[in-house]
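Quick caveat: nothing in here was measured; it's all calculated off a predicted structure.
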Amino acid sequence: MTKNTLRRGAAVAVVVASLTALVAGLSGPATAETEAKLQWGTCPPESGVFPQVGCATLQVPLDYAKPDGQQITLTVSGVGGLSSPHFLLVNPGGPGAPGLGTEQMVSAMLPEKVAEQYAVFSFDPRGVGASTPVDCGDVSKLVTHPALPYRPANAHQEAQRVAQAKKVAAQCGSKAKDLLPYITTENAARDIDRIRIALGKDKIDFLGYSYGSKLGATYATMFPEHTGRMILDSVVDPLVSTYETAYEQDPALEQRTQELFAWMAAHSSEYHLGTTPKAVETAWQQIRADLAKRPAGGRAGASELDDLLASSVYTQDSWPSLAEAIVAYRNGDPSGVLSATDQLATQAVDTGQLAYNCMDPGWPRDWSRWRQDTELADHLTPRFAWLNTWYGAPCAFWPVAPVKQVRIGSPKVPPILLLQGRYDAATPVIGARRMRAVLPGSRLLIDNGGNHASYLFTKNPCIDDKAEKYLLTGELPADAGH
């Protein structure tokens, strides 16, 4: 590989996020500014990305108030040609989800005409993966398996869960306190602008999924003059705190669960879980009760099944595998349930996500407020209210003070394209409508699906043609579907 030239090679067949596509390596001459900033080479082995992707590192300030002070590392990945007219930067959400490799998935999905115009880039955000990560140590040891019930039966069970949340927060404070105050969406947006500069572009085009919609909208608010064509897929509510978002999610998760049970009932000849949604729910609750008494493999109990349900309602694509695992368990084979719950156990405490979320000032620091709000939500959504609360509970005890968030939206923000599923449980549709309201001139396309972060170039006739035209011409469609 020659200096500062990303790998050129024949297109190869790869499978990314269940999509098989041809992905070409980055190539072509770099600009003078890129030459000074980014030295392209192979990606970190632990990133798991394919060799056709090039990676580079970039030094940015830990604290942008002290630009010449301590620097941290961002790792950027890319696929396409450095001479492409447009550079599309992608963020997969999270918050705190690693980005390396996401550009491959997106590049593979782009229509041919769009792919000819765009090189695609991503990055591990600050505090994550290959970009000076937040290291809280092994927090998995702080969580019991099988897990304690999400909905506490008594004060003792609640106190045990609170103690776990305090331990996670304290361990992060002990091991990463110097980094934690600077893991914010505002700083991540400033990092994006440093990446733009390093790539030698006056404007950066952006695609953000889920939390990536908040990051993109924050960038557009802070740097409107450098914001190019921007698509936000599955949109975060810009008008409520991260704490309040969980309570928006609870009823959406429950609605999606009822749709899952209806789907299982419609496939009763295959799964035999019941011919009506009510019958399927009865069967589900019996399986849950059995796991509560006798955890599968000694580690997959009722709470692990709740985790599996919550993760499965994000996308309908996972419903067949969930149903197969449940049926196999009823027939005496717990391997599918164990495999799925073991995988989720590795994500039980996402310290990268906590690092971003807990800096939002909306999180109460008084546990009695959490209890009161969750008990109210529990009356309407007993399946998910406490589950969502415990996911974020370490924020009640976070070791560093929160920071003021950027207020998204201004007349200077260029028009943005928003994509949303009407029944998305992770980012309910109300958030997309509110984002549309605070971003003047933007457009909102609502699809009648419920999958999360999957509306761009996934053979969706309501969206694909309009999004392709926007990326090629900058021309936004009319609002649709709301």
Should [X] and [Y] count as side-chain neighbours, where that means a heavy-atom distance under 4.5 Å?
X	Y	result
N451	Y314	no
P61	Q71	yes
L309	T257	yes
L354	C172	no
E259	Y423	yes
D63	Q70	no
P125	Y356	yes
L232	Y209	no

Once you round to the nearest 0.5 Å, how far does [atom1] of [X] lie from [atom2] of [Y]?
X	Y	atom1	atom2	answer
R365	C358	CZ	SG	7.5 Å
Q420	S234	CD	OG	5.5 Å
K214	T427	NZ	OG1	13.5 Å
S131	L100	OG	CG	6.5 Å
R194	L74	CZ	CG	9.5 Å
H86	I204	NE2	CD1	11.0 Å

If only side-chain N and O atoms count, and only distance matters, is there a donor-acceptor pair under 3.5 Å linking [Y] with [X]?
X	Y	result
D366	S368	yes
T73	Q59	yes
K166	Q171	no
T185	Y211	yes
S335	Y329	no
S77	E103	yes

Tell me if a side-chain donor or acceptor on [X] pairs with a main-chain N or O of [Y] at a distance below 3.5 Å.
X	Y	answer
W390	Y150	yes
R436	S442	yes
D124	G99	yes
S339	G336	no
S312	W319	no
Q353	G96	no
E244	S241	yes
Y64	V60	no
Q164	V162	no
N187	Y182	yes

Salt-bridge present ([X], [Y]; N to O < 4.0 Å):
X	Y	answer
D378	R151	yes
R434	D237	yes
E158	R371	yes
R126	D191	yes
D193	R196	yes
R288	E304	no

Can you name the closest pair of heavy atoms from [X] and [Y] and give their distance?
X	Y	answer
V134	A355	CG2-CB, 4.2 Å
V337	A300	CG1-CB, 4.4 Å
A393	A165	CB-CB, 3.7 Å
T57	L38	O-CD2, 3.7 Å
A377	D250	CB-OD2, 4.0 Å
V114	L110	CG1-CD2, 4.0 Å

Please assess T381 against Y247 for the test side chain to side chain contact (heavy atoms under 4.5 Å, CB included), listing each intermediate value before the final yes or no. CA-CA 10 Å; T381 55; Y247 296 105; over 6 Å; no
Sub-6.0 Å ring centroid separation between W363 and Y243: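 Between W363 and Y243, the centre distance is under 6.0 Å.
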Aromatic ring proximity F87/F121, centre distance under 6.0 Å: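 Close enough - the centres of the two rings lie under 6.0 Å apart.
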Flag if over 12 foreign heavy atoms under 6.0 Å of [atom1], [X]:
X	atom1	answer
R407	CZ	no
Q343	CD	no
D138	CG	yes

Tell me every residue that passes side-chain hydrogen bond (donor to acceptor under 3.5 Å, both in side chains) with Q249, counting only those two or more places apart in sequence or in another chain.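 Counting only residues at least two positions away or on another chain, Q249 forms a side-chain hydrogen bond (donor to acceptor under 3.5 Å, both in side chains) with N388.
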Show your reasoning for whether side chain to side chain contact (heavy atoms under 4.5 Å, CB included) applies to L308 and L322. CA-CA 8 Å; L308 187 55; L322 173 64; 3.6 Å; yes
With side chain to side chain contact (heavy atoms under 4.5 Å, CB included) as the test, would you mind laying out the steps for F123 and I192 before giving the verdict? CA-CA 9 Å; F123 66 109; I192 287 175; 3.8 Å; yes
Take R256 and D424 through the salt bridge (Lys or Arg N to Asp or Glu O under 4.0 Å) test and state the conclusion after the steps. CA-CA 8 Å; R256 196 65 172 148; D424 185 341; over 6 Å; no
Checking side-chain contact (heavy atoms from CB on, under 4.5 Å) against L445, which of L417, L418, D233 comes through?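 Among L417, L418, D233, the one that satisfies the side-chain contact (heavy atoms from CB on, under 4.5 Å) with L445 is L417.
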